[in-house]
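Each remark here refers to the structure printed beneath this line.
Being a predicted model, the structure only gives us computed values, none of them experimental.
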Amino acid sequence: MSSHSIRPIASLALGAMVISTATAGTPDLEVLVYSGLNNSPPNFPGLFWNLGAAGFTNPVIDSSGKVAFQGTLFGPGIIPANNRVLWYGASNGWTNIARNGDPALPGLPGLNLLAVSNIYPQLSPNGNLSVSSSLAGAGVTTANDTAFWYGPAGNPGSVIAQESTTIAPNTGGAIMTSTMAVATGTKTNNAGQVLFGSNLSGGTPAVTTANNFGVYLGTSSGITEVARKGNPIPGAPALPDPSGPFMTPDSTSLFLHGAGEAASTGTLVAGTAGGVTGNDDKVVWTTVGGTMRIVARESDPVPGMTLINYRPASVFNMATMSFTNSGKIVFNPILGNIAPGTSVTAANDTCWLVDDHGTISMIVREGDPIDGETFNFVQSSGGMFVTNNDRVVMAGTSTAATQSGRIWTGPLGGPYTKIVQQGVTTVPGDPTSILDFVGGAANVAVNGVGQFIFSSNLTGPGVILGVNDRGVFGWDPVQGLILIARNGSNLIPEILEVSQVALIGATGFGGENNSLILTDNGWLVLRLQDVKGFQAIVRTRPFDVKPCPADLTGDGNVDMQDILFIVANWSAGAGNPADLTADGVVDIYDLLEAIAAYGACP
């Protein structure tokens, strides 16, 4: 990649440095912040990074290439009450979003941020940011000391909810009592909507254990109810009690897509006349189409399969990227036989299904043939991804007796092609190092166009345990498999020899069915650690998004027409094609980029 923000190493934290990796063919990494070399944290000259604290959190990135992460300060005047900061930005500037001890973000006047949540924030592709913190100040107790905010362009200026203060809609005045924390159960989309769950208390009539939890959609203008424990489910199968069944939504596996609809799992509870047991109480539900409906329920027949049901007394798992913007829902049931059927055995009783507005079809089933082998399973957490353009990526295992780890990809419905085979696939550029890939531990991240990254242990004659035995890899339909970073590499000559590479992978996804670390336009963000314990946040565009990016007119040349295109779009913001440097603005640096590429495209 290229960058206009090359700075001397002494001022690295205030700018950025593009460094070439040691292995030929690997992408350049742009160091955004580095905790070594006496670098000051962004916007805090004279202070240093606290290396003895938690270090950097795993970073997240949006489509403009801007990054959000947290770090800890050290130096004069810094105490635990003011040492933690959440930043948002990139090499052309950083914004302090929240800091321990600062006044609370808008909406809670007179209060301070006690401790900003140290989990990564929710960041949508267009920069909508959700963050949370504990609170301090007059009237704050342990019962109401957490809140979370949302805002566009990295500016979370609207309070969504405060613990034991915010009133839940349709509850007769009941308040939300859960700890308000942006976590894996919180999702944010491009439309500025935030999906979250909360326990409830109070109200008229008073909330009971039968209706004390809800799922809500928050925006800057208010909160609406998505699902609530104890509410009847429209269209659910009839039970002896006409007021039931009711459902308890799950609190963590919540999914939001770009149109503001939701999907998740839950547990049915019968009304006073009964009718629900432990054999048929688990469900997958959605609000696609505007009303809640049951997608799948334990003990029900599986559509399209003869004498096969969703096994009684089992569970449903949702895929990592489980809910596409077109409304497709991906889930993993365990299958059972309906008498007199006997076709389901221990060798074929798991599968992945997709619901497309009420039509259910198979993605893959245990025991199926898959690229010359037999499919075994995909990890219930972190192994199945279906993108918004209907591409499938699966990290799992075949039925091979040993070294069964695999990654497959292909169009929804197949066929699926094996990309990585444990014990066989070698490191690009180093045929002596072999990927010892294990499906469920790969931290896979997938973007909307089907590109993906993953981590893998390495084996081979030149591999030394703890020195150069782990790498991060990427795959693109055109480029194939690439190496992005490997421990033991001198990514910054004489300064940073990488000992660890950290990525959120499967747990980091948002409300547009999107990865939080790999954007649809190719931005990737990673956290590295060197052998001295210093950390770095780096970004890169590992895949060739466009072979000749400065050819804005598409005529095969970078010429005066492309220069004029840049001038015509001068000062345009993030996402404009003339923003060649992807720094969020069309400016002189983009013009220089085009001039440097002037002539026929390669």
Using the ring of each side chain (for Trp, its six-membered ring), is F196 parallel, tilted or perpendicular to Y216, with breaks at 30° and 60°?
tilted

With side chain to side chain contact (heavy atoms under 4.5 Å, CB included) as the test, pick out the partner of S220 among P156, P152, S158.
S158

So do V226 and T287 actually touch side chain to side chain, heavy atoms under 4.5 Å?
yes

If I take atom CZ from residue F385 and atom OG from residue S322, how far apart are they, to the nearest 0.5 angstrom?
11.0 Å

I would like to know whether D281 and E298 meet side chain to side chain contact (heavy atoms under 4.5 Å, CB included); could you show each step before the answer?
CA-CA 6 Å; D281 61 343; E298 279 180 317; 2.9 Å; yes

Quick one: does any side-chain atom of N447 pair with a main-chain N or O of T519 as donor and acceptor, under 3.5 Å?
yes

Taking C-beta and beyond as the side chain, do W475 and V420 meet within less than 4.5 Å on heavy atoms?
no

What are the two closest heavy atoms between S64 and W523, and how far apart are they?
C-NE1, 3.9 Å

Which of these passes side chain to side chain donor-acceptor pair (under 3.5 Å) with E512: N388, N325, N189?
N325

All heavy atoms of S515 vs all of V446, minimum pair found to be CB-O, 3.3 Å

Spacing of OG1 belonging to T186 relative to CG belonging to L254, to within rounding of 0.5 Å
7.5 Å

How about I61 and K66: do any of their side-chain heavy atoms sit closer than 4.5 Å?
no

What closest approach, in Å, do S198 and F213 show between heavy atoms, and which atom pair accounts for it?
O-CD1, 3.2 Å

Check: N317/N332 side-chain N/O donor and acceptor closer than 3.5 Å:
yes

For the atom pair OG (S343) and CG (N348), what is the distance rounded to the nearest 0.5 Å?
6.5 Å

Point-to-point distance, once rounded to the nearest 0.5 Å, from SG of C351 to CD1 of I363
9.0 Å

Looking at every non-hydrogen atom in both residues, tell me the closest pair between G336 and V344 and how far apart they are.
O-CG2, 3.9 Å

K229 side chain to N199 backbone, donor-acceptor under 3.5 Å:
no

I'd like to know if the side chain of S398 and the backbone of A400 have a donor-acceptor N/O pair within less than 3.5 Å.
yes

Salt bridge (Lys or Arg N to Asp or Glu O under 4.0 Å) between R406 and D371, worked out
CA-CA 11 Å; R406 306 286 187 268; D371 198 9; over 6 Å; no

Taking every heavy atom of P121 against every heavy atom of V131, the minimum-distance pair comes out as CB-CG1, 3.9 Å

State, yes or no, whether a side-chain contact exists between V315 and T265 at a heavy-atom distance under 4.5 Å.
no

With a 3.5 Å distance limit and no angle check, can you tell me whether S299 reaches the backbone of N279 through a side-chain donor-acceptor pair?
yes

Less than 4.5 Å apart, any side-chain heavy atom of V392 and any of M384?
yes

State, without any angle test, whether S433 and R486 hold a side-chain donor-acceptor pair at a distance under 3.5 Å.
yes

Evaluate the criterion side chain to side chain contact (heavy atoms under 4.5 Å, CB included) for residue pair M292 and N231; output intermediate values, then yes/no.
CA-CA 11 Å; M292 180 179 289; N231 284 358; over 6 Å; no

So CH2 of W285 and OG of S264: to nearest 0.5 Å the spacing works out to 5.5 Å

Verify, without hydrogens or angle tests, whether S124 (side chain) and T188 (backbone) share a donor-acceptor contact under 3.5 angstrom.
no

When you check the side-chain N and O atoms of N376 and T397, is any donor under 3.5 Å from an acceptor?
yes

Apply side chain to side chain contact (heavy atoms under 4.5 Å, CB included) to V525 and I537, showing your working.
CA-CA 7 Å; V525 66; I537 303 294; 3.9 Å; yes

Under 3.5 Å side-chain donor-acceptor pair for S253 and D250:
no

At what distance, to the nearest 0.5 angstrom, does CD of E373 lie from OG1 of T399?
7.0 Å

Per side chain to side chain contact (heavy atoms under 4.5 Å, CB included), F454 is matched among L435, I484, I419 by L435

Just so I know, are the side chains of Q422 and D436 near enough to count as touching, which here means a heavy-atom distance under 4.5 Å?
yes

Backbone N/O of N190 and side chain of N126: donor-acceptor pair under 3.5 Å
yes

Check: N521 main-chain N/O paired with R541 side-chain donor or acceptor under 3.5 Å
yes

When you measure from the side chain of R527 to the backbone of P59, do you find a donor-acceptor pair of N or O atoms at a distance under 3.5 Å?
no

Would you indicate whether the side-chain heavy atoms of F543 and V478 approach each other to under 4.5 Å?
no

Could you tell me whether a side-chain N or O of N513 sits under 3.5 Å from a main-chain N or O of G448, the two making a donor and an acceptor?
no

Should the pair F316 and Y310 be assigned to parallel (<30°), tilted (30 to 60°) or perpendicular (>60°) ring geometry?
perpendicular

What verdict does the side chain to side chain contact (heavy atoms under 4.5 Å, CB included) test give for T320 and V444, after you've listed the backbone C-alpha separation in whole Å, the side-chain angles of each residue and the deciding distance to 0.1 Å?
CA-CA 10 Å; T320 299; V444 179; over 6 Å; no

Does any non-hydrogen side-chain atom of N211 lie less than 4.5 Å from one of L200?
no

Judged by atom type as modelled, is there a donor-acceptor pair below 3.5 Å linking the side chain of E366 to the main-chain atoms of D349?
yes

R297 and V276 have their tightest heavy-atom pair at NH2-CG2, 3.9 Å

